[in-house]
Amino acid sequence: MLDIKFIRENLDMVKEGARKKRIDLDVMRLIELDDRRKEKRTEWEQLRARQKSESKRVPKADPEEKVGLLKELNELSARVSELEPEVKSIEEELKAGLLVVPNVPLDVVPEGKDDADNVEIRRVGEVPAFDFPIKDHIELGESLDILDFQRAARVSGSRTYYLKNEAVLLELALMHLSLDHIMSKGFSPYIPPYLVKRDPMVGTAYFPGGEEQAYHMERDGLYLIGTSEVPITSLHAGEILSHKDLPYYYAGFSACFRREAGTYGKDTKGLYRMHQFHKVEQVVICQGIPEVSQKEHDHILNNSEELLQMLELPYRVVEVCGGDLGLGQVRKYDIESWMPSRKSYGETHSASNFHEYQARRLNLRYRDPEGKVHFAHTLNNTVLASPRIFIPLLELNQQEDGTIRIPEVLRKYMGGREFIGKK
RNA sequence: GGAGAGAUGCCGGAGUGGUCGAACGGGCCGGUUUCGAAAACCGGUGAACUCUAACGGGUUCCGAGGGUUCGAAUCCCUCUCUCUCCGCCA
């Protein structure tokens with residue numbers, strides 16, 4: 001969320017930002033609402049002030065005086081309660097409008113409509129050439145008896161899977177390695193609640209707008225998280241932190257649930273786009289200073305790159321363009337890992353900087369050394385999401401005999417195994 | 001699921017209709033003292049919105065939302081959360 005004052009003072013910047021994100025926005029409507037809000041609120045406050053001061057005289061007034069006083073106060077009270085709902089409804093409308101005002105992307109963010117316009121920053125690692133015909137991860141998984149899509153479809157519908165045998169070990173090994181890696185960077189591990197109330201969803205800017213993507217437990221008013229970013233970033237909602245404790249480095253491990261509504265034709269095969277997966281996510285809460293959060297942004301990007309290098313996976317980093325940025329993000333880097341069966345890089349990580357956007361919604365603040373209160377900046381990035389990462393991992397490590405070589409770093413998490421499929 | 005208790009500032013904890021943004025204690029910040037520190041003593045210490053050039057003023061916030069009243073932290077209703085007991089259960 002942006003501050004209405006900021007919007008007033010930077011009208012062109014806000015309009016330009018929305019344009020760059022390809023989002024329609026009627027800012028003038030909000031300015032008008034805010035004008036009306038101020039007007040009505042001032043009127044109401046003045047009435048309230050009189051009501052309060054006159055009320056105080058009641059107990060000390062003598063009987064005759066009291067009659068007149070109470071009569072006046074009755075009228076005052078009536079006018080106050082008339083005005084109150086007016087003020088409230090204007091404020092609610094304004095708030096609702098402000099919730100969908102996009103954050104302003106940084107100048108470095110390239111122009112563009114969608115992910116096709118993202119700009120490659122660098123490539124790391126060699127894309128290998130195979131001297132035998134390769135299989136995709138689906139074929140590999142089924143022939144090695146570690147994945148089952150068909151039965152999953154019968155039991156749970158589309159975009160679901162069973163992991164079995166070595167795939168289970170691999171999944172857990174990847175998560176464990178990720179956690180160890182990110183902890184070595186000073187991040188505190190968390191397993192958060194997977195079900196959250198509406199507030200954290202709004203606070204992290206998934207709602208309003210993203211309702212279609214979330215599973216909703218109607219009886220309980222709870223939502224299944226699509227990422228641990230939601231409960232982790234919300235951890236300190238409503239608090240005023242001390243600058244001495246910042247930045248907070250958190251790593252959330254959780255299952256993630258996504259409805260994937262509106263993606264019917266897309267990525268229907270294999271492990272790319274699933275309703276449920278596991279992820280270790282890094283979340284940073286830092287001081288609300290752009291230079292500081294930029295440093296953290298590079299920091300969390302680097303953490304994930306290191307992990308991919310440890311896993312020997314070739315990848316590229318892209319600077320995400322305006323049209324592909326979310327509502328709240330000021331800048332985003334995606335990491336895309338090479339996926340042989342897709343013959344392209346596919347998104348496996350996404351590192352976002354929100355500046356104050358989430359913090360303002362979450363009321364997440366800190367006190368600076370002078371004692372002044374500011375909104376924090378929040379950032380997050382994938383450490384590793386699986387089983388999507390199986391795609392490059394299985395496909396790139398396949399051997400001519402159909403077995404799969406397990407990367408060195410994972411072996412100690414898999415009982416010393418070196419291959420999947422070898423007796 | 002049933003019965004009960006509670007939710008107050010950074011923390012603990014008073015306050016049951018008016019003068020309460022809130023006693024008292026702790027913490028924290030500043031000062032006195034000291035070679036320095038500790039202790040002691042003195043002073044200060046919430047947030048948001050809004051008016052003002054500034055000094056300063058106004059309004060809101062005592063879990064959330066409604067209600068009663070001239071007036072609500074205090075009374076009533078609903079919800080959320082925490083705790084205790086019973087039941088059920090991974």
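Because only heavy atoms are used, hydrogens play no part in the values below, and waters and symmetry mates are left out as well, while side chains stay in. Letters A, B, ... mirror the listed sequences (proteins, then strands); counts begin at 1. Treat the numbers as computed from the prediction; the structure is a model and nothing was measured.
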Subject >> A:Gln282 and A:Asn303: side chain donor to acceptor below 3.5 Å >> reply: yes
Original post:
Partner of B:A5 by Watson-Crick or G-U wobble geometry, both contacts under 3.5 Å, or none?
Top reply: B:U82
**OP:** Quick one: which residue pairs count as a salt bridge (Lys or Arg N to Asp or Glu O under 4.0 Å) with a foot in residues 239-254 of chain A, not counting sequence neighbours?
**Re:** none
Original post:
Between atom NZ in A:Lys95 and atom P in B:G65, what is the gap in whole Å?
Top reply: 11 Å
Original post:
When all nucleic acid strands are considered with a 4.0 Å heavy-atom cut-off, which category describes A:Arg198: base, sugar-phosphate, or nothing?
Top reply: nothing
Subject >> Nucleotide forming a Watson-Crick or wobble pair with B:C61, both distances under 3.5 Å >> reply: B:G46
For nucleotides 73-80 of chain B, which of its nitrogen or oxygen atoms have a protein nitrogen or oxygen under 3.5 Å away, and what is each distance?
from, atom 1, to, atom 2, distance (Å)
B:U80, O2', A:Lys197, NZ, 3.0

Original post:
What distance, rounded to whole Å, do you find between the two C1' atoms, one in B:A22 and one in B:G15?
Top reply: 8 Å
Original post:
Quantified in whole Å, what is the C1' atom distance between nucleotide B:A73 and nucleotide B:C89?
Top reply: 40 Å
**OP:** From the options B:G18, B:A47, B:U50, select the nucleotide whose nearest atom is closest to the side chain of A:Pro59.
**Re:** B:G18
Original post:
With both distances under 3.5 angstrom, what nucleotide forms a Watson-Crick or G-U wobble pair with B:A40?
Top reply: B:U32
Subject >> Nearest to side-chain heavy atoms of A:Gln51, which nucleotide of B:C49, B:C70, B:A47 >> reply: B:C70
Original post:
Do A:Tyr223 and A:Phe257 have side chains that get closer than 4.5 Å, going by heavy atoms?
Top reply: no
**OP:** Can you tell me the pairing partner of B:C88 across any strand shown, Watson-Crick or G-U wobble, with both distances under 3.5 angstrom?
**Re:** none
**OP:** Any pair with a residue in residues 281-300 of chain A that passes salt bridge (Lys or Arg N to Asp or Glu O under 4.0 Å), sequence neighbours left out, goes on the list, sorted by first then second residue, please.
**Re:** A:Lys279-A:Glu281
**OP:** Scan every strand shown for a Watson-Crick or G-U wobble partner of B:G18, both distances under 3.5 Å, and answer none if you come up empty.
**Re:** B:C70
Subject >> Rounded distance in Å between the C1' positions of B:A72 and B:C76 >> reply: 12 Å
Original post:
How many Å lie between NZ on A:Lys38 and P on B:U52, as a whole number?
Top reply: 10 Å
**OP:** Identify whether NZ of Lys or CZ of Arg in A:Arg388 sits under 6.0 Å from the centre of the six-membered ring of A:Phe277 and within 45° of that ring's axis.
**Re:** no
Subject >> Pairwise P distance, B:G21 and B:C61 [rounded to whole Å] >> reply: 11 Å
Distances for protein N/O vs nucleotides 56-60 of chain B N/O pairs under 3.5 angstrom?
from, atom 1, to, atom 2, distance (Å)
B:G58, N2, A:Glu45, OE1, 3.1
B:U60, OP1, A:Arg48, NE, 2.7
B:U60, OP1, A:Arg48, NH2, 2.5
B:U60, OP2, A:Lys52, NZ, 2.8

**OP:** Check side chain to side chain contact (heavy atoms under 4.5 Å, CB included) between A:Ala261 and all other residues, then give those that pass, not counting sequence neighbours.
**Re:** A:Glu212, A:Gln213, A:Arg259
**OP:** For the pair A:Gln294 and A:Arg331, evaluate side-chain hydrogen bond (donor to acceptor under 3.5 Å, both in side chains) and give the outcome as yes or no after the intermediate values.
**Re:** CA-CA 9 Å; A:Gln294 179 58 54; A:Arg331 187 177 193 183; 3.2 Å; yes
Subject >> Contact state string [nucleotides 7-12 of chain B, B base, S sugar-phosphate only, - no protein heavy atom under 4.0 Å] >> reply: ------
